[in-house]
Amino acid sequence: MAQPFDEAERAAVYRAIYERRDMRHFVPGPVDPATLRRLLDAAHHAPSVGFMQPWRIVRITDATLRTQLHAAVERERLATADALGKRHDEFMKLKVEGMRECGELLVVALMDRREPHIFGRRTLPEMDLASVACAIQNMWLAARAEGLGMGWVSIFDVDEVRELLAMPAGAKPVAILCLGHVAGFYPQPMLEMERWAERRALGECVYENRWPQGGAEEDRPSTA
Ligand SMILES: Cc1cc2nc3c(=O)[nH]c(=O)nc-3n(C[C@H](O)[C@H](O)[C@H](O)COP(=O)(O)O)c2cc1C
């Protein structure tokens with residue numbers, strides 16, 4: 001049987017959870033290949049619905065492709081700003097990606113031909129996406145423990161990225177991951193530091209037995 005974690009190991013797990021940050025500032029420099037391999041393997045050991053393992057990860061090593069992906073994100077960043085209405089200017093001041101500086105760029109996608117995977121997805125087909133998110137979170141936590149920063153960029157047109165990477169129509173890119181060296185980790189979520197949003201109290205998100213009646217706190221938007 002697997003051994004229990006000792007106190008230091010337990011503390012290390014929680015430290016990685018609390019000190020993981022979505023990073024958008026990187027210092028240039030390559031990621032050690034053995035470290036990258038460990039991080040990819042951490043992603044690959046995530047839980048998945050029906051053990052489907054729907055994650056597909058494309059490592060971007062072509063500089064032109066990186067530039068094209070960045071341009072796609074920039075286009076969608078401007079469209080997002082327009083859609084935000086009165087928060088347009090505030091949004092435009094935020095740094096929402098570090099794609100040009102990071103040592104490694106990875107695109108994570110949902111695999112093609114997901115329809116035959118019914119176990120756990122008959123009523124909740126989006127459990128494939130949940131599984132991919134678990135893989136990304138594994139990598140995020142492992143990267144923090146390795147002292148590397150990671151940022152999830154989801155501001156892009158899906159069809160554009162699919163085409164750029166020659167993905168089949170049934171595959172769906174869901175993340176552009178920036179991975180690399182950082183000067184330091186933000187002490188709080190950057191969106192909190194920039195006063196875009198704040199962390200809700202735990203009690204606002206945890207209920208007992210039934211959904212709270214009469215204007216629960218969750219009705220209050222934390223962002224636009
Ligand atoms: C599914 C998902 C998509 C995200 N997309 C972006 C993004 O496109 N750009 C960005 O700057 N941050 C993105 N983030 C990072 C969030 O802004 C960040 O997780 C949140 O502000 C909390 O900060 P923390 O991760 O440092 O705790 C994304 C996070 C998740 C989970």
Side-chain angles (χ1 to χ4, degrees), residues 13-26 39 42-43 46-48 54-57 60 66 69-84 87-102 104-110 126-162 164 172-202 204-205 221-224:
V13 171
Y14 283 102
R15 184 176 168 209
I17 290 169
Y18 288 122
E19 294 187 13
R20 179 209 53 78
R21 289 276 74 83
D22 183 86
M23 297 304 297
R24 299 116 197 212
H25 297 86
F26 295 90
L39 297 181
S48 60
W55 43 80
R56 298 293 180 268
I57 305 172
I60 307 298
R66 186 189 281 236
L69 286 166
H70 178 263
V73 167
E74 185 55 20
R75 265 191 294 282
E76 179 52 31
R77 187 175 77 94
L78 300 177
T80 300
D82 285 343
L84 277 167
R87 295 195 91 181
H88 173 283
D89 294 354
E90 197 188 342
F91 175 78
M92 284 302 288
K93 284 187 203 130
L94 299 173
K95 183 163 168 62
V96 292
E97 49 82 19
M99 292 173 64
R100 284 175 298 184
E101 308 88 63
C102 62
E104 282 288 337
L105 198 67
L106 305 163
V107 176
V108 184
L110 282 161
E126 64 270 32
M127 291 303 100
D128 52 11
L129 175 58
S131 306
V132 170
C134 289
I136 294 173
Q137 176 73 341
N138 263 12
M139 202 189 303
W140 223 336
L141 293 170
R144 179 63 190 87
E146 298 274 8
L148 293 173
M150 198 176 103
W152 183 332
V153 181
S154 57
I155 301 172
F156 56 81
D157 180 84
V158 168
D159 293 331
E160 205 176 341
V161 171
R162 186 190 282 123
L164 279 172
K172 183 176 184 183
V174 298
I176 299 176
L177 299 181
C178 301
L179 178 71
H181 301 281
V182 291
F185 289 85
Y186 317 135
Q188 289 171 283
M190 213 196 72
L191 293 188
E192 197 164 31
M193 291 164 64
E194 300 287 340
R195 300 192 185 284
W196 177 267
E198 55 188 30
R199 189 178 303 285
R200 293 173 187 274
L202 179 61
E204 285 184 33
C205 304
S222 80
T223 61

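We count ligands from 1, going down the list as the structure has it; atoms in each ligand are counted the same way.
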Open item on the list: Just to be sure I read this right, does ligand 1 sit under 4.0 Å from the backbone of L191, its side chain, both, or neither, counting only heavy atoms?
Closed with: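 For L191, only side-chain atoms sit under 4.0 Å from ligand 1.
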TODO: Could you tell me whether R24 approaches ligand 1 through its side chain, its backbone, both or neither, with non-hydrogen atoms closer than 4.0 Å?
DONE: side chain
With respect to [X], determine whether any N or O atom, backbone or side chain, lies less than 3.5 Å from an N or O atom of ligand 1.
X: V153; answer: no
X: R199; answer: no
X: R21; answer: yes
X: E97; answer: no

Open item on the list: Is atom 20 (C) of ligand 1 near the protein, in the sense that some protein heavy atom lies at less than 4.0 Å from it?
Closed with: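 There is no protein heavy atom less than 4.0 Å from atom 20 (C) of ligand 1.
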Flag side-chain contact, heavy atom, 4.5 Å: [X] against [Y]:
X: R15; Y: R144; answer: yes
X: M139; Y: I57; answer: yes
X: R199; Y: C205; answer: no
X: R77; Y: F91; answer: yes

Task: Geometric class of the W152/W140 ring pair [parallel <30°, tilted 30-60°, perpendicular >60°] - done: tilted
What protein heavy atom is closest to [atom], reported as residue, atom name and distance in Å?
atom: atom 23 (O) of ligand 1; answer: P189 CB, 3.2 Å
atom: atom 25 (O) of ligand 1; answer: R20 NH1, 2.9 Å
atom: atom 13 (C) of ligand 1; answer: W152 O, 3.0 Å
atom: atom 29 (C) of ligand 1; answer: W140 CH2, 4.1 Å
atom: atom 9 (N) of ligand 1; answer: V96 O, 3.1 Å
atom: atom 8 (O) of ligand 1; answer: S154 N, 2.7 Å
atom: atom 18 (C) of ligand 1; answer: D22 CB, 3.8 Å

Open item on the list: Looking at E146 and L148, would you say the former's side chain and the latter's main chain have a donor-acceptor pair under 3.5 Å?
Closed with: no
Open item on the list: Please give me the minimum heavy-atom distance between R24 and V96, naming the atom from each residue.
Closed with: CG-C, 4.0 Å
Open item on the list: For G149 versus V182, what's the shortest heavy-atom pair and its separation?
Closed with: CA-CG1, 3.8 Å
Open item on the list: Taking only non-hydrogen atoms of M23, do any sit less than 4.0 angstrom from ligand 1?
Closed with: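 No, M23 has no heavy atom closer than 4.0 Å to ligand 1.
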Open item on the list: Against Y186, only a single residue in R21, H25, E19 fulfils side-chain hydrogen bond (donor to acceptor under 3.5 Å, both in side chains); can you say which?
Closed with: H25
Open item on the list: Could you check whether R75 pairs with E160 (Lys NZ or Arg NE/NH1/NH2 to Asp/Glu carboxylate O, under 4.0 Å)?
Closed with: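 Judged by the 4.0 Å cut-off on N to carboxylate O distance, R75 and E160 do form a salt bridge.
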